[in-house]
Amino acid sequence: MRYSQMLIPTTRETPAEAEVVSHQLLLRGGFIRKLASGIYTYLPLGLAAVQKVARIVREEMNRAGAQELLMPMVQPADLWKESGRWQKYGTELLRFTDRHDRESCLGPTHEEVITDLARNELQSYRQLPMNLYQIQTKFRDEIRPRFGLMRGREFVMKDAYSFDVDDAAAGRAYDRMYEAYHRIFRRCGLDFRAVEADTGTIGGSFSHEFMVLASTGEDTLVICGQCDYAANVEKARVVIRPGQQEGGSERIEDVKKVETPGMKKVDTVAGFLGVTIDRLIKTMVYLADGEPVAVLVRGDREVQPVKLKNLLGATEVELADDETVYKKTGLPIGYLGPVNLPLRMAADQEVMLMKNCIAGANEKQFHLTGVQPGRDFQPVLTGDLRQITADDRCPSCGGSLTLTEGIEVGHIFKLGTAYSEVMRATFQDREGQARPFVMGCYGIGVSRVVAAAIEQNHDENGIIFPLPLAPCQVIVLNLGVNSEETTSAAERLYEELRQGGLEVLYDDRDERPGAKFKDADLLGIPYRVTVGKTFEKEGKVEIRRRRDGHTETVPCGQAAGFIVELVRGELAAFESNGK
RNA sequence: CGGGGCGUAGCGCAGCCUGGUUAGCGCGCCUGCCUUGGGAGCAGGAGGUCGCAGGUUCGAAUCCUGCCGCCCCGACCA
């Protein structure tokens with residue numbers, strides 16, 4: 001590729017709209033351009049990077065025995081009505097009618113279509129197991145698209161669906177994907193973790209998310225330092241420590257009402273009463289599918305909404321704002337408490353172990369002391385409702401935990417028979433009985449992987465692509481475009497590198513050296529070869545590694561062979577890493 | 001959808017509050033000279049429905065109304 005002929009519109013300044021690094025650098029490096037909110041054009045270099053990821057994904061899916069197909073983007077509403085998701089999916093599903101007034105939607109995912117295909121084409125247990133996947137553009141009318149490729153409305157996704165005869169077989173399919181995903185992200189050269197996750201709206205029983213570790217991640221993970229336990233905080237189980245169970249030998253007090261003028265926050269109340277905030281019970285009102293629920297956690301804890309949602313069996317929970325709380329309960333915010341609270345209550349397990357607590361009195365300017373859970377109030381539901389913290393112990397081995405941010409790039413689910421049952425997708429087993437397929441589904445955000453790779457690999461000068469994801473492996477800088485000798489040497493080198501099977505960007509532009517260096521850094525191409533002054537003086541070129549600036553000077557004639565070896569060796573290491 | 005902010009040249013911004021010359025500046029772009037190892041210099045030049053529509057006014061980028069678009073904070077997710 002000759003730089004002078006390519007569309008690589010780099011900019012020196014950062015566009016104002018970009019908040020996170022990957023978005024900034026993708027824009028500055030001329031990888032993408034925005035067409036509308038959350039909708040981007042992939043320019044040649046951006047497309048190249050996406051295709052690098054897609055290729056690795058494709059190879060590993062095929063290796064794992066999955067078959068590639070391509071499903072339509074436009075899907076009939078009938079199918080979605082059948083699965084029940086026409087109602088359930090909400091406004092993220094972009095719906096429209098065609099010229100014949102037929103209701104349709106743009107596919108945000110393809111469970112319906114694949115299940116329809118399976119029920120039509122798979123009749124016998126002898127055709128199973130089957131795993132089908134596609135790499136395709138998805139459309140989700142995100143409430144709030146942001147961060148460039150990280151959360152677009154339109155994005156490239158690999159989605160795979162497995163069909164099996166029973167749970168055990170489906171479990172094996174799941175495990176195979178779990179392995180394949182590890183190979184994929186290892187081959188991409190990413191620092192990632194597989195974590196236990198909540199299943200969300202896709203439903204199903206069990207799932208893992210694949211998280212690229214990066215501080216800009218939208219998810220928080222807990223990782224155990226002693227064993228291999230790792231989970232999304234939405235899911236991470238909080239275990240009660242043995243000491244906590246028995247409680248202290250404190251004398252049990254009676255409920256007393258104390259005046260706490262103007263004190264609504266837990267820490268001001270605790271400060272006023274001269275106790276630590278873990279003596280308080282925090283009462284928050286949530287709306288679960290529109291119905292108010294009081295949620296109780298210890299004063300120093302945070303409610304984990306996903307856990308709450310699951311415990312209540314609700315499809316949606318949100319924290320009620322002050323006005324709503326007042327309207328629904330008539331109670332003063334800041335003075336809510338569980339004693340005689342006329343609301344459905346859900347308590348975190350930890351609350352029930354507390355003694356002599358302080359809580360709101362459900363009366364303005366008053367709190368209660370000496371509150372005993374179980375004696376003075378009894379919640380309808382108790383369970384693990386709070387967010388895990390770094391002070392908690394690993395639920396699996398009791399080891400110490402670390403919290404980290406991550407970007408979700410993959411998610412695998414055991415779906416069971418959720419879709420096959422409602423859509424009557426069955427096969428005949430050995431006995432001739434009709435049985436629903438046991439399914440799994442497996443997604444990878446292909447375009448998001450590119451963004452995540454950049455979040456994880458960049459410096460102040462620009463992107464530092466992991467070798468397997470780089471749009472090209474080498475950039476050759478001709479710093480003497482006016483010198484015939486330098487130019488012919490650079491051209492020869494470019495040719496030799498290509499002959500050696502490398503993807504090369506040849507900077508033949510009539511630009512000053514500074515501009516070429518800056519662009520080369522910005523684009524994040526792993527190796528840079530400079531043909532310039534050193535060549536003119538000594539017949540040598542400089543080979544510089546983007547990641548750490550390590551530079552070697554070699555005679556021009558040997559350069560191509562040297563680089564080809566280097567790159568091949570490194571790429572092979574990534575590939576075997578995947579195996 | 002709720003809360004906050006922005007829309008002026010390809011990009012980054014000023015001008016608007018307090019209406020009034022040909023609407024500026026930096027980067028980029030074009031031409032020429034010069035320069036060539038970390039985004040040079042000089043000279044000349046092109047490029048604008050001031051987001052859209054309506055209103056107020058002798059006069060609107062500037063004031064008012066409505067609409068549209070974009071960004072940030074929350075719920076959603078690959």
Side-chain angles (χ1 to χ4, degrees), chain A residues 9-20 23 27-28 30 33-39 53 57 89-93 108-109 135-160 181 197-202 209-212 218-219 232 234 286-287 305-306 309 315-319 321 323-324 407-413 441-452 461-462 477-483 486 510-522 528 530-537 542 544 549:
Chain A
T10 59
T11 66
R12 196 189 307 214
E13 278 162 315
T14 304
E17 68 190 48
E19 181 85 352
V20 299
H23 190 192
L27 250 16
R28 281 195 57 209
R33 283 296 181 262
K34 186 177 68 191
L35 180 65
S37 181
I39 302 181
V53 177
V57 169
Y89 212 92
T91 45
E92 205 175 296
L93 183 63
T109 173
I135 295 176
Q136 198 226 27
T137 296
K138 293 277 192 274
F139 191 92
R140 292 184 187 170
D141 201 358
E142 287 283 338
I143 303 158
R144 186 151 92 86
R146 64 185 133 174
F147 303 152
L149 292 192
M150 206 95 103
R151 180 180 296 280
R153 293 150 84 202
E154 204 177 280
F155 59 99
V156 180
M157 179 172 164
K158 185 284 303 181
D159 47 326
Y181 273 41
D198 185 70
T199 51
T201 47
I202 301 217
E209 286 168 337
F210 287 76
M211 297 283 192
V212 167
E218 294 184 90
D219 291 277
N232 193 309
E234 293 175 350
Y286 276 79
L287 294 178
V306 173
K309 189 171 90 177
T315 51
E316 207 189 320
V317 298
E318 59 173 331
L319 189 59
D321 58 39
E323 203 183 319
T324 316
I407 301 165
E408 183 185 355
V409 289
H411 202 157
I412 59 178
F413 300 85
C441 81
Y442 317 92
I444 290 180
V446 174
S447 44
R448 184 183 278 183
V449 168
V450 174
N461 295 313
L477 302 190
N478 176 358
L479 295 191
V481 283
N482 296 320
S483 152
T486 309
D510 186 13
E511 286 287 344
R512 298 167 58 82
K516 294 193 178 194
F517 289 136
K518 287 290 183 191
D519 278 334
D521 283 351
L522 177 61
R528 183 184 87 190
T530 308
V531 188
K533 212 180 263 175
T534 319
F535 172 74
E536 282 161 31
K537 281 194 216 139
E542 291 140 23
R544 182 185 155 99

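The shown structure was predicted, so the numbers you read here are calculated from the model rather than taken from an experiment. Just so we're on the same page: letters track the sequence lines, and every chain starts at 1.
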For this session: Quick one: label Asp519(A) by what it contacts on the DNA or RNA (base, sugar-phosphate, nothing), any heavy atom closer than 4.0 Å.
Result: base

For this session: List the steps and the verdict of salt bridge (Lys or Arg N to Asp or Glu O under 4.0 Å) for Glu19(A) and Arg146(A).
Result: CA-CA 9 Å; Glu19(A) 181 85 352; Arg146(A) 64 185 133 174; over 6 Å; no

Problem set entry | Polar side-chain contact Arg146(A)-C70(B) base: donor and acceptor under 3.5 Å | no

Exercise. Expressed in whole Å, how much space separates the C1' atoms belonging to G15(B) and C50(B)?
Worked result: 11 Å

Seminar exercise, completed: For C6(B), the nucleotide meeting Watson-Crick or G-U wobble distances (both under 3.5 Å) is G69(B)

For this session: Give one of base, sugar-phosphate or nothing for Gly30(A), where a contact means two heavy atoms less than 4.0 Å apart.
Result: nothing

Exercise. Heavy atoms under 4.0 Å, any strand shown: does Lys158(A) hit a base, just sugar-phosphate, or nothing?
Worked result: nothing

Exercise. With rounding to whole Å, what would you report as the distance between C70(B) and C34(B) at their P atoms?
Worked result: 49 Å

Problem set entry | Gap between atoms CZ and P, on Arg144(A) and G4(B) respectively (whole Å) | 15 Å

For this session: Produce a footprint string for nucleotides 5-13 of chain B: one letter per nucleotide, 5' end first; B if the base is under 4.0 Å from any protein heavy atom, S if only the sugar-phosphate is, - if neither.
Result: ------BSS

For this session: Can you tell me, in whole Å, how much space there is between the C1' of C67(B) and that of C13(B)?
Result: 26 Å

For this session: Assign Arg33(A) to base, sugar-phosphate, or nothing according to its heavy-atom contacts below 4.0 angstrom with the strands shown.
Result: nothing

For this session: Please evaluate the base of C27(B) for a donor-acceptor partner in the side chain of Arg12(A) within a cut-off of under 3.5 Å?
Result: no

Can you give me the N/O atom pairs linking the protein to nucleotides 34-37 of chain B at distances under 3.5 Å, or say none if there are none?
from	atom 1	to	atom 2	distance (Å)
U35(B)	O2	Arg512(A)	NH1	2.7
U36(B)	O4	Asn482(A)	ND2	2.7
G37(B)	OP2	Lys533(A)	NZ	3.2
G37(B)	N7	Lys533(A)	N	3.0
G37(B)	O6	Lys533(A)	N	2.5
G37(B)	O6	Thr534(A)	N	2.9
G37(B)	O6	Thr534(A)	OG1	3.3
G37(B)	N1	Glu542(A)	OE1	2.8
G37(B)	N1	Glu542(A)	OE2	3.0
G37(B)	N2	Glu542(A)	OE1	2.2

Seminar exercise, completed: The ring pair (Phe, Tyr, Trp, His ring centres under 6.0 Å) partners of Phe535(A) (sequence neighbours excluded) come to none

For this session: Give Ala18(A) one of three labels, base, sugar-phosphate or nothing, depending on what nucleic acid heavy atoms sit under 4.0 Å from its own.
Result: nothing

For this session: For nucleotides G51(B) and C27(B), find the distance between their P atoms and express it as a whole number of Å.
Result: 24 Å

Exercise. Can you check the Glu142(A) CD to C70(B) P distance for me, whole Å?
Worked result: 14 Å

For this session: Have a look at Asp219(A) and say if it touches a base, only the backbone sugar-phosphate, or nothing, with a 4.0 Å heavy-atom cut-off.
Result: base

Exercise. Expressed in whole Å, how much space separates the C1' atoms belonging to A61(B) and G24(B)?
Worked result: 12 Å

Problem set entry | Identified pairing partner of G74(B), criterion: Watson-Crick or G-U wobble below 3.5 Å | C1(B)

